[in-house]
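Read through the structure below, which is laid out as structure tokens, and then see the notes.
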Amino acid sequence: MLNFDEQRFLRIQSGAVALRQRLETIVAGCLDAGAENIFFLGTGGAAILMQPAAQLLQRRSRFPAFIDMPAELAVTGSVHLTNRSIVVMPSLSGTTKESVALLAKLKEIGATVLTLVGNAATPLGEGGDHVFVNAAADDTSSESFYLQSLFVALAILKYRGEIANYDDIVAGLDRMPELLLEVKRAYEPQAEAFAKVLAGSDYHIITGAGNVWPEAFYYGMCILEEMQWIRTRPVHASDFFHGTLELVEKDVSVILFKGEDELRPLADRVGTFVPQYTDKLTVLDTAAFALPGLSSEVRALVSPVVLATVLERISAHLEVMRNHPLTTRRYYKRVAY
């Protein structure tokens with residue numbers, strides 16, 4: 001595979017999976033102590049990656065789950081954010097300034113903070129009440145954060161008796177590092193062709209629904225815009241027909257992500273409409289990938305993880321094709337803002 005270290009990938013994703021039991025123990029301890037809600041409070045891309053877990057709780061549990069922006073909460077606070085709140089704060093660098101600023105306020109409030117970081121020797125690595133370290137990097141962090149946040153959500157469902165088959169689900173999730181590696185291997189021959197689509201236009205509409213919508217948002221904003229300087233319009237498939245459809249015309253590129261949860265029909269609706277008006281519809285569908293031994297329920301849960309792992313292969317080809325390394329920045333962490 002192009003510019004890819006298989007053993008490094010397995011080590012990092014296995015590191016995420018290895019955190020599951022401790023995450024479950026800490027979450028259960030918080031609930032035993034009377035926790036009343038949970039906040040997922042990341043900044044930028046890390047925040048987006050928390051959305052599937054937050055959504056899972058909002059739809060499957062009566063335990064209140066919130067997702068908000070640290071930069072706003074640091075100014076406004078929230079009546080729901082108290083000393084009986086669990087806060088999950090992801091930051092690969094452990095130094096994200098908006099998150100670090102909020103951490104000081106969280107300590108004043110007395111919330112219990114779980115930080116998910118790539119480096120323990122950082123403000124968030126040293127400042128969390130419970131610190132979970134997995135030494136990932138930009139090209140491997142999406143899967144790691146998706147899995148860790150999913151473990152948190154599942155731990156709450158288990159504790160509250162709101163999930164019947166927890167053991168079967170986590171048994172499948174424990175196999176994800178090896179399964180994701182096989183997905184990468186299988187997709188590698190197609191990755192260059194998808195990268196050519198992305199390189200072939202300076203503007204893309206990117207859409208999806210359900211738990212893969214965050215990956216559409218993330219890939220458009222954090223990869224294509226930040227790392228490749230390609231303009232995008234991420235839009236949820238349910239909003240596609242309330243504005244963005246008017247931008248679809250000949251030669252407009254539309255990228256459609258399809259997952260396997262119950263909201264897949266919203267993506268199908270876009271997939272039916274778009275080809276009538278442009279021949280530049282490109283679909284990435286998790287149902288196309290073999291994940292042997294996983295139930296349909298687990299496949300649905302991991303759809304965003306699978307997309308992230310495939311898109312990393314596409315990005316690896318894209319940066320070479322455009323002679324634009326994914327690490328190149330003009331402003332991010334380079335100038336004052």
Side-chain angles (χ1 to χ4, degrees), residues 16-43 46-91 94 96 98-117 120 122-134 144-170 173 211 301:
V17 168
L19 295 172
R20 176 178 62 79
Q21 290 186 334
R22 183 168 164 247
L23 282 164
E24 180 183 325
T25 299
I26 295 300
V27 168
C30 292
L31 295 171
D32 280 338
E36 295 178 346
N37 58 42
I38 185 168
F39 278 75
F40 293 89
L41 299 179
T43 298
I48 297 170
L49 300 172
M50 300 292 105
Q51 290 183 17
Q55 183 187 82
L56 178 64
L57 286 172
Q58 288 165 351
R59 293 180 175 166
R60 296 271 300 267
S61 176
R62 290 188 178 276
F63 190 73
F66 301 91
I67 190 162
D68 212 324
M69 295 184 177
E72 292 196 352
L73 278 182
V75 176
T76 65
S78 168
V79 296
H80 300 289
L81 185 56
T82 72
N83 62 355
R84 291 187 176 273
S85 296
I86 305 168
V87 173
V88 177
M89 185 171 280
S91 170
T96 310
E98 296 91 340
S99 298
V100 171
L102 182 61
L103 182 63
K105 291 186 177 293
L106 294 173
K107 288 184 175 296
E108 293 176 9
I109 291 168
T112 301
V113 181
L114 284 61
T115 56
L116 315 179
V117 297
T122 59
L124 293 176
E126 295 171 350
D129 296 301
H130 305 282
V131 180
F132 297 85
V133 182
N134 190 34
S144 175
F145 279 145
Y146 275 138
L147 288 169
Q148 290 178 67
S149 58
L150 182 56
F151 293 146
V152 170
L154 290 170
I156 291 173
L157 292 172
K158 178 188 178 184
Y159 182 94
R160 292 173 52 83
E162 294 171 324
I163 189 167
N165 53 341
Y166 175 86
D167 290 340
D168 291 338
I169 290 173
V170 296
L173 295 176
N211 66 359
L301 286 173

Worksheet item: Yes or no on side chain to side chain contact (heavy atoms under 4.5 Å, CB included) for Arg60 and Leu157, after CA distance, side-chain angles and deciding distance?
Response: CA-CA 8 Å; Arg60 296 271 300 267; Leu157 292 172; 4.0 Å; yes
Practice prompt. Given side chain to side chain contact (heavy atoms under 4.5 Å, CB included), test Val87 with Leu81 step by step and report yes or no.
Written response: CA-CA 9 Å; Val87 173; Leu81 185 56; 3.8 Å; yes
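The structure places CD1 of Ile163 at 7.0 Å from CG of Leu56, a figure rounded to the nearest 0.5 Å. Distance CG/Asn211 to CD/Gln55: 6.5 Å, rounded to 0.5 Å. Between Leu73 atom CG and Ser99 atom OG the span is 10.5 Å, to the nearest 0.5 Å. Here the straight-line distance linking atom CD of Glu126 with atom CG of Leu103 works out to 11.0 Å at 0.5 Å rounding. Expressed to the nearest 0.5 Å, how far OG of Ser85 lies from CZ of Phe66 amounts to 8.0 Å. Separation of atoms CG (Leu31) and CZ (Arg160) is listed at 8.0 Å; rounding is to 0.5 Å.
A donor-acceptor contact shorter than 3.5 Å links the side chain of Ser61 to the backbone of Phe63. The main-chain N or O of Arg84 is found under 3.5 Å from a side-chain atom of Thr82 such that the two form a donor-acceptor pair. Looking only at distances, a side-chain donor or acceptor of Lys107 sits under 3.5 Å from a matching main-chain atom of Gly127. At distances below 3.5 Å, at least one donor-acceptor pair connects side-chain atoms of Gln58 with backbone N or O atoms of Ala65. Of the possible donor and acceptor atoms, one in the side chain of Asn37 sits under 3.5 Å from a partner among the backbone N and O of His80.
In this structure the side chain of Leu49 never reaches within 4.5 angstrom of the side chain of Pro90, judged on heavy atoms. Counting heavy atoms from C-beta outward, Glu98 and Met69 have side chains that stay 4.5 Å or more apart. When side chains are defined from C-beta on, Phe40 counts as touching Leu57, because their heavy atoms get closer than 4.5 Å.
Closest of all the heavy-atom pairs between Ala111 and Asp129 is O-OD2, 3.4 Å. Considering every non-hydrogen atom in both Gly94 and Val100, the closest pair reads O-CG2, 4.3 Å. Of all heavy-atom pairs between Val17 and Phe151, the closest is CA-CE1, 3.8 Å. Closest approach of Met50 and Phe145 over heavy atoms only: CE-O, 3.7 Å. Nearest approach of Ala47 to Ile67, heavy atoms of both residues: O-CD1, 3.8 Å. The two residues Gln148 and Leu23 come nearest to each other via the heavy atoms O-CD1, 3.8 Å.
Only one option out of Leu114, Leu102, Val117 pairs with Met89 in a side-chain contact (heavy atoms from CB on, under 4.5 Å); it is Leu102. The side-chain contact (heavy atoms from CB on, under 4.5 Å) test with Val88 singles out one residue from Ile38, Val113, Thr115, Val27, and that residue is Ile38.
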